[in-house]
Amino acid sequence: MDDRETQHLGTTAPDLARAAELLRQGGLVAFPTETVYGLGADARQGRAVADLFAAKGRPAFNPLIVHLADMADAAQYADLSDDAARLAQAFWPGALTLVLPLARDHGLSELVTAGLATVGLRVPAHPVARALLAAFGGPLAGPSANPSGRISPTTAQHVLAGLSGRIDAVIDAGPCPVGVESTVVGFDGETPILLRPGGVPLDPLEAALGRRFSSWDDGRAISAPGQLRSHYAPRVRVRLNAEAPEPGEVYLGFGSGTGDLNLSPSGDLSEAAARLFACLHQLDALGRPIAVAPIPETGLGQAINDRLRRAAAPRT
Ligand code: AMP
Ligand code: MG
C-alpha cells in the first residue's frame, strides 16, 4: 500500500491546519510528542484506524493509545477512579498513559481498543502535539510512527525512513526530548499496575498514590496485549550488559569509557533515554551486531532496559 504522497510539514499554524484537515478526511499524520513520534488517525473513524494498522503492519489485537488535547476530555471516553484522576492531575500533560474502563457512548472505533473494555488515554505535553490536537478538536489514535516491531522514531527522518509513501504527512519538530515511550499504568480493581515502564519513572507515580504498584507480569488478571517480548528491534543482533565489544561487534557505551556511540558520556539517564532510539537506528544501519554497556535499573533506566531487553529478545 505504498501509494500515498507523504507531505513533510513544519510547525506553523497553516501547517497544523493542513494536518488537522488531513486527519478529518481520515488521513494518517505523524506528529511529534515528548516521547517518540506518533502516527495519528481520527480514533472515531474505523476506516482511518484500519489504515493505520495496515501502514504499520501492526497486529490488530494490539490496542492503540488515544491522545487527547486536555484532561477534561478524558471523562468522555473513560471512567476515572479517584486514583486515576489523581495520576492524571499530577502527570498530564506528560509521558503517562492510563488504561481505564471505557465510558458509555465513547464513540471510539472498536479497532482502537482491540475490542477490550478498556482504553489507553494520554494527554501529551509536547507543544506541537497539543497544538495539533487543539486544531483537530478530537481524539487521535497514536501508536509510534514506525513499522510494527522496529525501532521507534525520535525524528521526522526516522518516520520517513520507515513509512514514507504509506502515510499522508509528517510534522517535523526535530528530535523528541524524552525519547522513550510513555509509561503505561492500568488498574486491577483498586490495585495500580505498571503495564510498561516509560518516560515517567515509577518512583514519582508510587509517591503520588502513596503505595506500591504491581508489575504486569506478576500474574495479574489484567489483559495487557501488545507486551511482545521482541519489539523495538533492530535488524541486527543485540547483546546486553556488555563490558566491552567482541570482535565484529559495534559498541553502544554508557558513562565514561569508549564506544562507537555513547548514550551519555556523563552517565545521565535522561540524556541516554533521549538518545537511545537514534543510536540504535544509527548502529542498525551499519549491519553489525550491537553490544550495549550495562545501564543502571533506576529511574528512567527501567524504561531504557525494558526497550533494550526487547531489542535483544529472540525474534518470533
Ligand atoms: P504502543 O505500541 O507504543 O502504541 O503501545 C501501546 C501500549 O499501551 C501497549 O503496551 C499496550 O499493551 C498498552 N495499551 C493500550 N491500550 C490498552 C488497553 N486497553 N489495555 C491494556 N493495555 C493497553
Ligand atoms: Mg510502538
Side-chain angles (χ1 to χ4, degrees), residues 28 30-41 43 49 52-53 55-68 74 77-80 84 95-103 106 108-122 124 129 139-154 158-159 162-163 167 176 178-188 191-200 213-217 220-234 273 276-277 280-281 302-303 306-307 309-311 313:
L28 305 177
F31 62 100
T33 80
E34 67 274 27
T35 58
V36 304
Y37 275 73
L39 182 56
V49 178
L52 190 160
F53 277 96
K56 279 182 62 75
R58 181 175 171 114
F61 53 79
N62 236 345
L64 303 176
I65 294 170
V66 174
H67 293 69
L68 304 173
Y77 305 105
D79 299 326
L80 278 76
L96 175 68
T97 296
L98 294 172
V99 174
L100 302 167
L102 275 167
H106 54 79
L108 300 172
S109 157
E110 276 211 18
L111 275 174
V112 167
T113 59
L116 298 171
T118 53
V119 61
L121 296 181
R122 172 171 165 224
L140 279 185
S144 51
N146 57 321
S148 186
R150 303 236 75 97
I151 306 167
S152 291
T154 54
H158 295 157
V159 175
L163 295 176
I167 64 177
C176 301
V178 175
V180 289
E181 293 83 349
S182 60
T183 303
V184 182
V185 170
F187 295 88
D188 180 14
T191 308
I193 300 174
L194 180 68
L195 295 172
R196 174 178 77 182
V200 177
F213 284 38
S214 299
S215 156
W216 73 277
D217 51 6
R220 290 268 158 188
I222 191 165
S223 163
Q227 303 287 5
L228 304 177
R229 293 268 172 220
S230 170
H231 208 71
Y232 315 101
L276 175 67
F277 290 133
L280 289 178
H281 277 284
Q302 279 193 313
D306 171 79
R307 304 306 184 272
R309 278 192 291 273
R310 294 189 215 213

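The model shown is predicted, which means the values in this text are computed figures rather than measured ones. Just the heavy atoms: all of them, side chains too, but no hydrogens, waters or symmetry mates, feed the values below. Order of listing sets the numbers, starting from 1, for every ligand and every atom in it.
- Between the side chains of S182 and R196, at least one donor N or O sits under 3.5 Å from an acceptor N or O.
- Between V112 and V66 there is a side-chain heavy-atom pair separated by less than 4.5 Å.
- Panel note: side chain S144, backbone N146; no donor-acceptor pair is recorded below 3.5 Å.
- The option from V184, N62, V112 that lies nearest to atom 8 (O) of ligand 1, judged by heavy atoms, is V184.
- When the heavy-atom distances from atom 18 (C) of ligand 1 to V99, L121, N146 are ranked, the shortest goes to V99.
- Not one N or O on the side chain of R307 forms a donor-acceptor pair closer than 3.5 Å with the backbone of Q302.
- Residues meeting the ring-ring contact (aromatic ring centres under 6.0 Å, His included) test with H281, sequence neighbours left out: H158.
- Between F187 and I193 there is no side-chain heavy-atom pair separated by less than 4.5 Å.
- Not close to ligand 1: T113, with no non-hydrogen atom less than 4.0 angstrom away.
- Of the heavy atoms in R122, none comes closer than 4.0 Å to ligand 1.
- Within the listing of ligand 1, atoms 18 (C), 19 (N), 20 (N) sit less than 4.0 angstrom from a heavy atom of T118.
- Among the backbone and side-chain atoms of S148, no N/O/S atom is found under 2.8 Å from the Mg ion (ligand 2).
- Annotation: R58 places an N or O atom under 3.5 Å from an N or O atom of ligand 1; distance criterion only.
- Under the side chain to side chain contact (heavy atoms under 4.5 Å, CB included) criterion, A145 pairs with A30, Y37, L39, P153, V159, L163, not counting sequence neighbours.
- Taking every non-hydrogen atom of P143 and a distance limit under 4.0 Å, the qualifying atoms of ligand 1 come out as 4 (O).
- Annotation for ligand 1: atoms under 4.0 Å from non-hydrogen atoms of L116 are 18 (C), 19 (N), 20 (N).
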